[in-house]
> 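Take a look at the following structure, please.
Chain letters run A, B, ... following the sequence lines, proteins first, then strands; residues in each count from 1.
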Amino acid sequence: MTAAHQEPAAPAPSDFIRDLVAQDVAHRRYPRIVTRFPPEPNGYLHIGHAKSICLNFGIARENGGQCNLRMDDTNPAKEEVEYVDSIIADVQWLVAGWADHCLGFKPKGATPAAVTTNGQPDFYLAPAPKSKVQIPNSKIGTEPFFASDYFGQIYTYAEALIEKGRAYVCDLTPKETEEYRGSPDRPGRDSPFRQRSVAENLDLFRRMRAGEFPDAARSLRAKIDMASPNIWLRDPLLYRIRHVAHHHTGDAWCIYPLYDFAHCLSDYLEGITHSICTLEFEVHRPLYDWILENLNLPRALPHQYEFAKLNLGYTIVSKRRLLQLVQEKVVTGWDDPRMPTISGLRRRGIPASALRRFAATIGVTKYDSVTDVALFEHAVREELNPAAPRRLAVLRPVKIVLTNLPAGETVTCDAVNHPADPAAGTRPVPLTREVFIEADDFAEVPPPKYFRLRPGGEVRLKYACIIKCDEVVKDAAGRLVELRCTADLTTRSGGPNADKKVKGTIHWVSATHCLDAEVRLYDRLFTVPEPAAAEDFLKVVNPKSVEVVAAKLESTLATARAGECFQFERLGYFTPDAKDSPAPASGSRPVFNRTISLKDAWGKGPAA
RNA sequence: UGCCUGAUGGUGUAAUGGUAGCACAGGCGACUUUGACUCGCCUAGUCCUGGUUCGAAUCCAGGUCGGGCAGCCA
């Protein structure tokens, strides 16, 4: 984006969660609103996470609060630092210029501090001062929150539960545990180890921690109710034994807390007020509350709220399946521009503001829906249209010889940089004897209502003049070689016949001044509206999701850099590829990605 | 057949007992040196059956249909 672009002055969004937050604010139930975005670092963030980020950061922003970025890293078997790095980069990019002042990071290495709250011992981990939030990853700087930084504290809470008789060490095997749990319509049975003494539980739990037992030999369980209609209240597991190194804590632990135990406590330790998650955690909420309520915690407790995650048409929004696409090399990586990952979308040229606009458009509800991709595409065009400078580029060139223009002569034309913004100015584009036009813009046998170039017909070269097609030259095989046309220079802007009307105006570039480039044209990755519902989603991958063309660009595009977005007139929005673009001035062909085509009422489909 | 939860045009949503509105998509038209943008007009909806009420998308009851939950995943 070359032009600074402000967030649209839209009315503050409203939804059922924001309404609840507003009530809590009105009743002063918390000193400050604190939310969190808690991804597990086992994959890259995608557009569904973008919805959640916009919700959590949006609420923080609208209430003068803060939103902590927290790695929910309690399962070392699946997690990697590559993922934590990508998550940090993606969140910062998405939030930049919008809610970075709300982004909660902690001082590097910080863990919850012992404090006294209302005369009671307590633990709390404050975010870093705002001034330092901008420099994550430096040695003395800040970093995201990590659930794994709370393992010590969580362990202490586990012992507290044991001492209260609310948790016990269970020796059932995983298989037996499943059998004892019962089923949704059949109550479970008590574990034979349920009545162990506090002393024995404490001893066993400490020995679990000390590494005396092999994986899965024992577990720590909450003692709640094996007959509960809610499966998650049937003595859920709190801790499991896993002799595995952790990406953040190394070999410090061989027992790891499960999500249900770690999450609510992480929220509490960070002073989270509103813990917002997706619908599948609804049945876990009673457990979330049970754990916190059974620990006599002195500060106000966080509460969990659930919303429907995003489902997008023609798209897969599932880390597991996205990982499959990467592993099976259906795409080139997590940041392939066809991927709905935040890094893929960014590389594709989608601005962060478009993701935010999209999030605001779809709102937040508990209704499980499939959002039409058209809503997303609209948000992208809404952001790009006012911001993207216009350029001329020909994707599938056809040569035109302007027979009345001498070779070597250059007619300099003025092209406007943005039709809606005179301040963007103009740039010179050279008209020469040989130019390229789009293959689509000539039809030897035009269909009805076709108003571009045809044999004997006239068309305007945008910003230049009207030309007439005198002759169609073909080779022996009948393939089009070139079009021989005459240019009517009196129809140039400012010329005596400038106002002459022709039905069509087409884009073009000078054959002698243009730049060769590789342009990648992307289409949807799947051929069906709901690939997630397909028997095998890999079988509905669109075989034509990318097409690479050798294009001719106006020479001013030589200095374009990744991150900048241009509208190639009549075609769509394009951006230099951040990974494959050659170094500037290297002389190699630049590589552009098509972010999105222009709407096309004529072709009724993706342009070009 | 257990528990939790939801249902408003094709899609996403608003209306919080008082005129069912907005956006997208679709259609028609105006404008146009982008078949874009912009502008105007149009199409199209409260899951069903009862009940409460002067008045129900909203409250109540019963149904129907959808989603979620039985990992030592999150």
> Any side-chain N or O of A:R242 below 4.0 angstrom from OP1/OP2 of B:C73?
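For A:R242, the contact criterion (side-chain N or O under 4.0 Å from OP1 or OP2 of B:C73) is met.
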
> Could you tell me the separation between the CD atom of A:E554 and the P atom of B:U34, rounded to a whole number of Å?
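Checked: the CD to P distance equals 16 Å.
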
> What is the nucleic acid contact for A:E569, judged by heavy atoms within less than 4.0 Å: base, sugar-phosphate only, or nothing?
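Base contact - A:E569 has a heavy atom under 4.0 Å of at least one base atom.
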
> Tell me: CD of A:E377 to P of B:U11, nearest whole Å?
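Atom CD in A:E377 sits about 17 Å away from atom P in B:U11.
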
> With respect to the phosphate group of B:C73, does any side-chain polar atom (N or O) of A:R240 fall under 4.0 Å of OP1 or OP2?
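Indeed, a polar side-chain atom of A:R240 lies that close.
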
> Mark yes or no for a side-chain to base donor-acceptor pair under 3.5 Å between A:R460 and B:U33, with no hydrogen or angle criteria applied.
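Donor-acceptor pair under 3.5 Å: yes.
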
> Report the glycosidic orientation of B:G9: syn if within 90° of 0, anti in every other case.
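Classified anti.
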
> Ignoring backbone atoms, establish whether A:S369 has a side-chain N or O less than 4.0 Å from OP1 or OP2 of B:G12.
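True: A:S369 side-chain N/O within range (under 4.0 Å) of B:G12 OP1/OP2.
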
> Rounded to whole Å, please give me the gap between CE in A:M71 and C1' in B:A74.
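Interatomic distance, CE of A:M71 to C1' of B:A74: 14 Å.
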
> Of all the choices, B:A74, B:U16, B:G35, which nucleotide is nearest to the side chain of A:Y450 once you look at every atom?
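Output: B:G35.
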
> Using the closest heavy atom to pick a nucleotide of RNA chain B for each, name whichever of A:S14 or A:E79 lands nearer the 5' end.
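Going by which nucleotide is closer to the 5' end, it is A:S14.
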
> Is the phosphate of B:C24 approached by A:K599 (side-chain N or O, under 4.0 Å from OP1 or OP2)?
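Answer is no, no contact under 4.0 Å.
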
> Salt bridge check: are A:R391 and A:E569 linked by an N-O gap of less than 4.0 Å?
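No, no charged N to carboxylate O under 4.0 Å.
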
> Do A:E40 and A:K319 sit within salt-bridge range, that is, some charged N less than 4.0 Å from a carboxylate O?
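Between A:K319 and A:E40 there is no salt bridge, as every charged N stays at least 4.0 Å from the carboxylate O atoms.
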
> Do NZ/NE/NH1/NH2 and the carboxylate oxygens of A:E377 and A:K599 come within less than 4.0 Å?
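No, this pair does not count.
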
> Have a look at A:F281 and say if it touches a base, only the backbone sugar-phosphate, or nothing, with a 4.0 Å heavy-atom cut-off.
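Contact class for A:F281: base.
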
> What's the closest nucleotide to the A:P419 side chain, out of B:A74, B:U34, B:G12?
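Shortest atom-to-atom distance from the side chain points to B:U34.
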
> Just checking A:A374: base, sugar-phosphate only, or nothing, at a heavy-atom cut-off of under 4.0 Å?
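Sugar-phosphate: the residue A:A374, judged by heavy atoms under 4.0 Å, touches backbone atoms but no base.
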
> Scan A:V370 against the nucleic acid and name what it touches under 4.0 Å (heavy atoms): base, sugar-phosphate only, or nothing.
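A:V370: backbone/sugar contact only, no base atoms under 4.0 Å.
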
> So, are A:R194 and A:D235 salt-bridged, with charged N and O less than 4.0 Å apart?
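Salt bridge between A:R194 and A:D235, a charged N being under 4.0 Å from a carboxylate O: yes.
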
> How long is the line joining OH of A:Y259 and C1' of B:C69, in whole Å?
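Rounded to whole Å, this separation is 14 Å.
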
> Could you check whether A:D440 pairs with A:R570 (Lys NZ or Arg NE/NH1/NH2 to Asp/Glu carboxylate O, under 4.0 Å)?
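Here A:D440 does not pair with A:R570 in a salt bridge, since their nearest N and O are not under 4.0 Å apart.
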
> Closest approach to the side chain of A:K366, judged atom by atom: which nucleotide of B:U33, B:U5, B:G35 is it?
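Given the options B:U33, B:U5, B:G35, the side chain of A:K366 is closest to B:U5.
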
> From the set B:C73, B:U38, B:U34, return the single nucleotide nearest to any side-chain atom of A:K462.
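Closest nucleotide among those given: B:U34.
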
> Compare the minimum distances between each of B:G35, B:C73, B:C69 and the side chain of A:D600, then state the nucleotide with the smallest one.
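Nearest to the side-chain atoms of A:D600, counting from C-beta on, is B:G35.
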
> Any carboxylate oxygen within less than 4.0 angstrom of a Lys/Arg side-chain nitrogen, looking at A:D267 and A:R70?
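Salt bridge flag = yes for A:R70 with A:D267.
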
> Applying a 4.0 Å non-hydrogen cut-off, can you work out what A:I231 is touching in the nucleic acid: base, sugar-phosphate, or nothing?
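Sugar-phosphate: the residue A:I231, judged by heavy atoms under 4.0 Å, touches backbone atoms but no base.
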
> Using a 4.0 Å heavy-atom cut-off across all strands, classify A:R390 as base, sugar-phosphate, or nothing.
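Contact class for A:R390: base.
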
> If I take atom NE2 in residue A:H507 and atom C1' in nucleotide B:C37, what distance separates them, rounded to the nearest angstrom?
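Nearest whole value for this atom pair: 17 Å.
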
> Name the nucleic acid region contacted by A:H284, choosing base, sugar-phosphate or nothing; use a 4.0 angstrom heavy-atom cut-off, strictly under.
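It contacts base atoms.
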
> Between B:U13, B:G2, B:G35, which nucleotide has the shortest distance from any of its atoms to the side chain of A:W602?
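In terms of side-chain proximity for A:W602, the closest of B:U13, B:G2, B:G35 is B:G35.
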
> Does B:G2 have its OP1 or OP2 closer than 4.0 Å to a side-chain nitrogen or oxygen of A:R181?
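Looking at the OP1 and OP2 atoms of B:G2, neither is under 4.0 Å from any side-chain N or O of A:R181.
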
> Could you check which of B:U34, B:G35, B:G10 has an atom nearest any side-chain atom of A:D372?
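Given the options B:U34, B:G35, B:G10, the side chain of A:D372 is closest to B:G10.
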
> Kindly express the pairing pattern of RNA chain B in dot-bracket notation, using | wherever a base pairs with another strand and counting only Watson-Crick or G-U pairs under 3.5 Å.
.((((((..((((....[..)))).(((((.......)))))....(((((..]....))))))))))).....

> Applying a 4.0 Å non-hydrogen cut-off, can you work out what A:S493 is touching in the nucleic acid: base, sugar-phosphate, or nothing?
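Answer is base: heavy atoms of A:S493 come under 4.0 Å of a base.
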
> Reckon A:T361 has a side-chain N or O less than 4.0 Å from the OP1 or OP2 of B:A23?
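So the side chain of A:T361 is outside the cut-off, no N or O lying under 4.0 Å from OP1 or OP2 of B:A23.
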
> In whole angstrom, give the distance that lies between atom CH2 of A:W232 and atom C1' of B:A70.
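Taking CH2 of A:W232 and C1' of B:A70, I get 8 Å after rounding.
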
> Under 4.0 Å, heavy atoms only, any strand: does A:T74 hit a base, just the sugar-phosphate, or nothing?
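A:T74: backbone/sugar contact only, no base atoms under 4.0 Å.
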
> If you find the nucleotide of RNA chain B closest to A:K309 and the one closest to A:P174, which residue's nucleotide is nearer the 5' end?
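Nearest nucleotide further toward 5': that of A:K309.
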
> Counting only side-chain heavy atoms from C-beta out, which of B:C24, B:C4, B:U13 sits nearest to A:H378?
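From the listed options, B:C24 comes nearest.
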
> Using a heavy-atom cut-off of 4.0 Å across all strands, would you classify A:D19 as base, sugar-phosphate, or nothing?
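A:D19: base contact, heavy atoms under 4.0 Å.
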
> Go through B:A70, B:G35, B:C37 for me and flag the one nearest to the A:S183 side chain.
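The answer is B:A70, which lies nearest to the side chain.
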
> Got a salt bridge between A:E554 and A:R427, using NZ or NE/NH1/NH2 to carboxylate O under 4.0 Å?
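So A:E554 pairs with A:R427 through a salt bridge.
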
> Just say parallel, tilted or perpendicular for the rings of A:F451 and A:W602, cut-offs at 30° and 60°.
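Taking A:W602 first and then A:F451, their aromatic rings sit tilted (interplane angle of 30° to 60°).
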
> Please confirm whether A:Y259 and A:H263 have ring centers closer than 6.0 angstrom.
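Centroid distance A:Y259-A:H263: below 6.0 Å, so yes.
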
> Does A:R18 come within less than 4.0 Å of A:E62, counting only side-chain N to carboxylate O?
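Salt bridge: yes.
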
> Looking at the side chain of A:Y367, which of B:G6, B:A74, B:C69 is the nearest nucleotide?
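Nearest listed nucleotide: B:G6.
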
> Looking at B:G35, I'd like to know if its phosphate oxygens (OP1 or OP2) sit under 4.0 Å from a side-chain N or O belonging to A:R452.
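No, A:R452 has no side-chain N/O under 4.0 Å of OP1/OP2 on B:G35.
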
> Please give, in whole Å, the distance from B:G12 P to A:L375 CG?
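Taking atom P of B:G12 as the reference, CG of A:L375 is at 8 Å.
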
> Classify the nucleic acid contact of A:Y256 as base, sugar-phosphate or nothing, counting any heavy atom under 4.0 Å across all strands shown.
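Result for A:Y256 = nothing.
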
> Describe the nucleic acid contact of A:L172 in one word from base, sugar-phosphate, nothing, applying a heavy-atom distance below 4.0 Å.
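Base contact.
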
> Centroid separation under 6.0 Å, is that true for the rings of A:F574 and A:F568?
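Yes, ring centres under 6.0 Å apart.
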
> Check if the side chain of A:E306 and the base of B:U5 share a donor-acceptor pair of N or O atoms closer than 3.5 Å.
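Flag unset: no donor-acceptor pair detected.
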
> Between A:K501 and B:U33, does any side-chain N or O lie under 4.0 Å from OP1 or OP2?
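For B:U33, OP1 or OP2 has a side-chain N or O of A:K501 closer than 4.0 Å.
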
> Round to a whole Å and report the spacing from NE2 of A:H418 to P of B:A36.
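The distance from NE2 of A:H418 to P of B:A36 comes to 16 Å, rounded to the nearest Å.
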
